[in-house]
> 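Provided herewith is a single structure, encoded as structure tokens, for subsequent inquiry.
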Amino acid sequence: MLWGEKGKDLHAGSKNFMAFGGGVRLCVGADIAKLLMASFLHYLITKYRWTVTKGGDIIRKPGLVFPNGLHIKISEK
Ligand code: HEM
């Protein structure tokens, strides 16, 4: 079993944190925030080269976990 800070199980989703809130009160900017993040990632992936410098071991169970981090160097293509 993989444990994170303060013994929290890294394989489970957080039950205490919901990025855009939930229930009766929801973030009204959630959709524009997701659009901006998708656009940011698109340019980061298509216009820049990523080189892994340290870490990068991946565990898929059920989400992605990087037990020793993922250190990358980003340079312009
Ligand atoms: C990654 C970006 C963002 C995150 C993680 C985020 C997260 C949150 C959270 C957790 C809440 C509180 C929900 C609650 O009270 O339970 C909230 C509320 C709110 N957010 Fe965002 N937000 C983001 C971006 C934005 C953007 C871009 C806008 C505006 C363009 C925005 C406008 C608002 C407004 C107006 C509320 C208050 C809604 C209400 O009380 O009814 N947010 N947001």
Side-chain angles (χ1 to χ4, degrees):
M1 172 100 45
L2 183 66
W3 297 97
E5 237 178 295
K6 295 178 190 161
K8 283 185 181 165
D9 183 359
L10 289 180
H11 297 151
S14 171
K15 293 176 188 89
N16 311 315
F17 176 69
M18 291 165 83
F20 296 103
V24 238
R25 285 173 60 103
L26 272 179
C27 171
V28 292
D31 285 340
I32 186 75
K34 287 175 198 170
L35 180 74
L36 290 173
M37 285 189 267
S39 167
F40 172 79
L41 285 174
H42 170 81
Y43 284 103
L44 190 61
I45 288 162
T46 56
K47 306 280 177 204
Y48 295 86
R49 176 169 288 114
W50 299 28
T51 319
V52 177
T53 56
K54 207 170 110 190
D57 295 332
I58 300 171
I59 299 175
R60 293 185 180 88
K61 204 185 167 187
L64 280 186
V65 179
F66 296 92
N68 43 17
L70 175 63
H71 299 244
I72 55 167
K73 191 179 152 211
I74 297 172
S75 46
E76 242 177 300
K77 271 187 183 166

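Below, each value reflects all heavy atoms present in this structure, side chains not excepted, and no hydrogens, waters or symmetry copies. All ligand and atom numbering here is 1-based and tracks the order in the structure.
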> Atom 37 (C) of ligand 1: protein heavy atom closer than 4.0 Å?
no
> Measure the distance from atom 3 (C) of ligand 1 to every protein heavy atom, then report the residue, atom name and distance (to 0.1 Å) of the closest one.
Phe20 CE2, 3.4 Å
> Do Phe40 and Trp50 belong to the same hydrophobic cluster, where Ile, Leu, Val, Met, Phe, Trp and Tyr are linked whenever their side-chain heavy atoms lie under 4.5 Å apart, directly or via other members?
yes
> Yes or no, since that's all I need: does a protein heavy atom fall within a distance strictly under 4.0 Å of atom 33 (C) of ligand 1?
yes
> Provide, to 0.1 Å, the distance between atom 28 (C) of ligand 1 and the closest protein heavy atom, together with that atom's residue and name.
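Looking at atom 28 (C) of ligand 1, the protein heavy atom closest to it is Gly29 CA, 3.4 Å.
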> Given the rule in the side chain to side chain contact (heavy atoms under 4.5 Å, CB included) test, do Ile58 and Phe66 qualify, once you have shown the distances and angles that lead to the verdict?
CA-CA 5 Å; Ile58 300 171; Phe66 296 92; 3.5 Å; yes
> Quick check on the hydrophobic clustering: are Met37 and Ile72 connected, directly or via other members, by side-chain heavy-atom contacts under 4.5 Å?
no
> For the CG atom of Leu26 and the CE atom of Met18, what is their distance to the nearest 0.5 Å?
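Leu26 CG to Met18 CE: 8.0 Å, rounded to 0.5 Å.
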> What's the shortest distance from atom 35 (C) of ligand 1 to any protein heavy atom, and which residue and atom give it?
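Sorting protein heavy atoms by distance from atom 35 (C) of ligand 1 puts Val28 CG2, 3.1 Å first.
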> Could a heavy atom of Leu26 be found less than 4.0 Å from some atom of ligand 1?
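Distance cut 4.0 Å: Leu26 passes for ligand 1.
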> Considering only the protein, which heavy-atom contact is closest to atom 16 (O) of ligand 1, and what is its distance?
Arg25 O, 3.4 Å
> Write out the residue and atom name of the closest protein heavy atom to atom 7 (C) of ligand 1, then the distance separating them to 0.1 Å.
Ala19 O, 3.2 Å
> Treating Ile, Leu, Val, Met, Phe, Trp and Tyr as nodes and any side-chain heavy-atom pair under 4.5 angstrom as an edge, say whether Leu35 and Val28 lie in one connected cluster.
no
> I want to check something: taking the side chain as every heavy atom from C-beta on, are Tyr48 and Glu76 in contact at a cut-off of under 4.5 Å?
yes
> Counting only heavy atoms from other residues, nucleotides and ligands, does the tally under 6.0 Å from CG of Asn68 exceed 12?
yes
> Which protein heavy atom lies closest to atom 22 (N) of ligand 1, and at what distance to 0.1 Å?
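Result: Cys27 SG, 3.0 Å.
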> Among all protein heavy atoms, pick the one closest to atom 27 (C) of ligand 1 and tell me residue, atom and distance.
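Nearest neighbour among protein heavy atoms for atom 27 (C) of ligand 1, to 0.1 Å: Ile32 CG2, 3.9 Å.
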